[in-house]
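We name chains A, B, ... by the order of the sequence lines, and we start the count at 1 in each one.
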Protein chains: 2
Amino acid sequence: MTAARPTVSLPLRTARPAASRAAPAADAAGARAEPSRGEASRPEPLRAKTPHRLRRIAEKRTAILDAALSLFSRNGLHGTTVEQIARTAAVSKTNLFYYFASKEEVYVGVLSRLLDQWLDPLRALEVETDPVEGIRAYISRKIRFSRTHPEASRLFCLEVVQGAPLLRPELETALKQLVDAKTEVIAGWIAAGKLAPVDPHHLIFALWATTQHYADFAPQIDALLGRGLDEEAFVEEATRNVQRLILDGLRPR
Amino acid sequence: MTAARPTVSLPLRTARPAASRAAPAADAAGARAEPSRGEASRPEPLRAKTPHRLRRIAEKRTAILDAALSLFSRNGLHGTTVEQIARTAAVSKTNLFYYFASKEEVYVGVLSRLLDQWLDPLRALEVETDPVEGIRAYISRKIRFSRTHPEASRLFCLEVVQGAPLLRPELETALKQLVDAKTEVIAGWIAAGKLAPVDPHHLIFALWATTQHYADFAPQIDALLGRGLDEEAFVEEATRNVQRLILDGLRPR
DNA sequence: GTCTATAGGCGGATAGAC
DNA sequence: GTCTATCCGCCTATAGAC
């Protein structure tokens with residue numbers, strides 16, 4: 001039965017519990033902590049861990065998550081086997097199950113790192129900026145993100161297209177909060193006559209859509225042009241065109 | 001092994017062979033014919049079929065494809081079971097296998113109907129039109145397509161994001177041909193000074209991206225606004241905003 | 001912590017009667 | 001053409017030794 005979706009929840013970047021965790025869930029370097037679900041925790045050696053051990057553990061978890069991101073983004077949750085993830089991360093399948101209780105826990109782990117990264121460019125959109133410069137820079141950052149994190153962009157897309165069962169709560173809280181704040185910024189710019197009166201939400205959708213398109217629909221673009229974001233010149237070309245279109249529109253001035 | 005992708009090819013709308021087909025592959029009403037692959041055809045009763053029987057067969061195949069589209073678009077190829085498709089189409093699993101040799105053949109069948117529909121709005125973009133009106137109408141048609149065929153839009157997205165292994169050949173031929181023709185039209189408009197000088201390919205990408213976004217990222221939009229394309233007022237609002245943005249841009253005139 | 005072996009179930013596909 | 005019964009491989013997850 002695949003209709004039954006994961007029952008695991010996604011506690012990304014809610015106040016970090018700061019306590020020592022159950023299981024080897026010691027993420028380093030910006031990675032999120034794992035949900036400490038009630039029942040059925042991992043074997044868990046209870047004695048204190050040396051910093052060194054913690055680092056080793058975190059590295060291994062990160063390697064697994066990296067491998068998983070790459071595979072999930074190409075084949076989806078159900079199109080990826082634990083065996084593949086393990087092989088790609090250079091660990092044994094059994095060993096992977098020592099670090100993650102289930103395939104879906106790996107999937108959740110990958111998703112939680114995702115949204116955070118995905119939101120970063122938007123966070124940088126500030127009131128103080130000149131609107132036109134702000135938008136221009138945002139487009140540039142977003143396309144650059146599509147270039148440097150194509151797999152993250154694609155997996156995010158896959159997840160949302162399929163209904164975002166896991167991400168939903170986060171979209172309604174963290175994302176909404178951020179978007180609400182930024183739409184106010186934009187509305188302010190419009191009220192000041194610095195931008196044409198476009199609905200801020202639809203503007204944000206258009207920005208997301210046009211910039212992510214280069215990562216998400218890369219195969220289509222490659223089929224049509226034989227080029228893609230791996231080519232620096234194409235990155236600049238895409239950026240220029242999107243900026244031009246969004247800022248000045250099609251109608252000749 | 002899920003890494004090994006389907007080996008079936010996608011012969012959509014290449015000159016219809018017009019001959020009677022092997023197997024019950026008698027599609028009616030705009031549906032495409034099935035690939036007549038060399039080996040291992042279906043049981044196939046060889047005697048002539050009455051129009052009535054042909055219709056019954058076509059109807060059943062269509063019902064299966066419809067059910068499959070709906071499920072594939074939500075759960076992906078690997079996230080959907082044949083059992084689910086059969087149940088949704090109100091046939092038995094065994095019976096489904098009478099009409100389609102494998103799950104992947106169903107998948108291919110769904111995809112072949114897809115691209116054709118997906119291309120229709122672009123076909124309607126004509127030289128004779130006034131550029132601004134032409135673009136405006138195209139945006140409207142595309143968003144309306146996102147509304148009336150959300151599942152098709154999403155499955156197309158899913159397939160392309162995952163590398164378009166099956167669609168690739170079609171993208172490089174049928175799609176490319178059409179896009180090449182239309183970029184010429186657009187280039188002509190620009191040369192005539194009727195549109196601002198934007199690269200026609202990037203313009204098309206922006207048009208696709210902004211309009212499909214409303215179908216593909218519907219869950220995200222719903223999480224943010226609590227609205228979607230099912231609401232007619234929202235369709236109009238989205239259309240207006242995208243038209244405005246693409247045609248006139250953000251910078252105040 | 002890491003391994004070998006294996007349980008256990010799901011799901012795609014076929015056999016063969018009717 | 002449609003059904004019942006069933007096969008069998010693949011894949012998640014665990015047991016238990018080291």
Side-chain angles (χ1 to χ4, degrees), chain A residues 1-4 6-8 23-26 39-47 49-50 52-61 63-64 68 71-72 75-87 89-108, chain B residues 1-4 6-8 23-26 40-47 49-50 52-61 63-64 68 71-72 75-108:
Chain A
M1 212 28 356
T2 44
T7 55
V8 201
E39 18 60 288
S41 293
R42 307 267 63 223
E44 175 193 0
L46 277 172
R47 80 206 121 97
K49 289 169 185 134
T50 71
H52 181 255
R53 284 188 47 169
L54 282 175
R55 232 194 70 241
R56 294 283 314 229
I57 290 172
E59 273 169 11
K60 209 150 185 182
R61 285 179 61 90
I64 292 170
L71 289 161
F72 285 146
N75 308 123
L77 171 59
H78 303 290
T80 304
T81 70
V82 173
E83 171 66 35
Q84 288 176 309
I85 301 174
R87 198 171 38 227
V91 301
S92 72
K93 188 169 65 157
T94 330
N95 195 222
L96 187 151
F97 277 115
Y98 178 78
Y99 288 94
F100 294 89
S102 68
K103 178 164 95 164
E104 282 175 356
E105 196 174 298
V106 177
Y107 190 69
V108 172
Chain B
M1 210 26 0
T2 44
T7 56
V8 201
S41 291
R42 308 266 60 224
E44 176 193 0
L46 278 172
R47 81 207 121 96
K49 290 169 185 134
T50 71
H52 181 255
R53 284 187 47 168
L54 281 175
R55 231 194 71 242
R56 294 284 313 230
I57 290 172
E59 273 169 10
K60 209 151 186 181
R61 285 179 61 89
I64 292 170
L71 289 160
F72 285 145
N75 308 123
L77 171 59
H78 303 290
T80 303
T81 70
V82 174
E83 170 67 35
Q84 287 177 310
I85 300 173
R87 198 173 35 230
T88 307
V91 301
S92 70
K93 186 167 70 155
T94 331
N95 195 222
L96 187 151
F97 277 114
Y98 178 79
Y99 289 94
F100 294 90
S102 68
K103 179 165 96 164
E104 282 174 356
E105 196 174 299
V106 177
Y107 191 69
V108 171

Starting from C1' on D/dC10, measure out to NZ on A/Lys103 and report it in whole angstrom.
12 Å

Interatomic distance, B/Thr81 atom OG1 to B/Lys103 atom NZ [nearest 0.5 angstrom]
7.0 Å

Tell me: OH of B/Tyr107 to P of C/dG12, nearest whole Å?
14 Å

NE2 on A/His78 to OG1 on B/Thr80, rounded to 0.5 Å:
8.0 Å

Nearest-0.5 Å distance, CZ of residue B/Arg61 to CG of residue B/Leu96
10.0 Å

How many whole angstroms separate atom CD of A/Glu105 from atom P of D/dT14?
11 Å

Rounded to whole Å, NE2 of B/His78 lies from C1' of D/dT12 at a distance of 16 Å

How many whole angstroms separate atom CD of B/Gln84 from atom P of C/dC10?
13 Å

Please list, chain by chain and in numerical order, all residues satisfying side-chain hydrogen bond (donor to acceptor under 3.5 Å, both in side chains) with A/Lys60, sequence neighbours excluded.
A/Asn95

Starting from P on C/dC10, measure out to CZ on B/Arg87 and report it in whole angstrom.
13 Å

Report, one pair per line, the protein and nucleotides 2-6 of chain D atoms (nitrogen or oxygen only) whose separation is under 3.5 Å.
{"unit_1": "D/dT2", "atom_1": "OP1", "unit_2": "B/Lys60", "atom_2": "NZ", "d": "2.9"}
{"unit_1": "D/dT2", "atom_1": "OP2", "unit_2": "B/Lys60", "atom_2": "NZ", "d": "3.0"}
{"unit_1": "D/dT2", "atom_1": "OP2", "unit_2": "B/Asn95", "atom_2": "OD1", "d": "3.2"}
{"unit_1": "D/dT2", "atom_1": "OP2", "unit_2": "B/Asn95", "atom_2": "ND2", "d": "3.1"}
{"unit_1": "D/dT2", "atom_1": "OP2", "unit_2": "B/Tyr99", "atom_2": "OH", "d": "2.9"}
{"unit_1": "D/dC3", "atom_1": "OP2", "unit_2": "B/Ser92", "atom_2": "OG", "d": "2.7"}
{"unit_1": "D/dT4", "atom_1": "O4", "unit_2": "B/Thr94", "atom_2": "OG1", "d": "3.2"}

B/Thr94 meets the side-chain contact (heavy atoms from CB on, under 4.5 Å) criterion, sequence neighbours left out, with B/Ser92

Please give me the minimum heavy-atom distance between B/Ile64 and B/Phe100, naming the atom from each residue.
CG2-CE1, 3.7 Å

In this structure, how many angstroms lie between the C1' atom of D/dC10 and the CG atom of A/Asn75, rounded?
16 Å

Would you kindly give the CZ-to-P distance between A/Phe97 and C/dA5, to the nearest whole Å?
18 Å

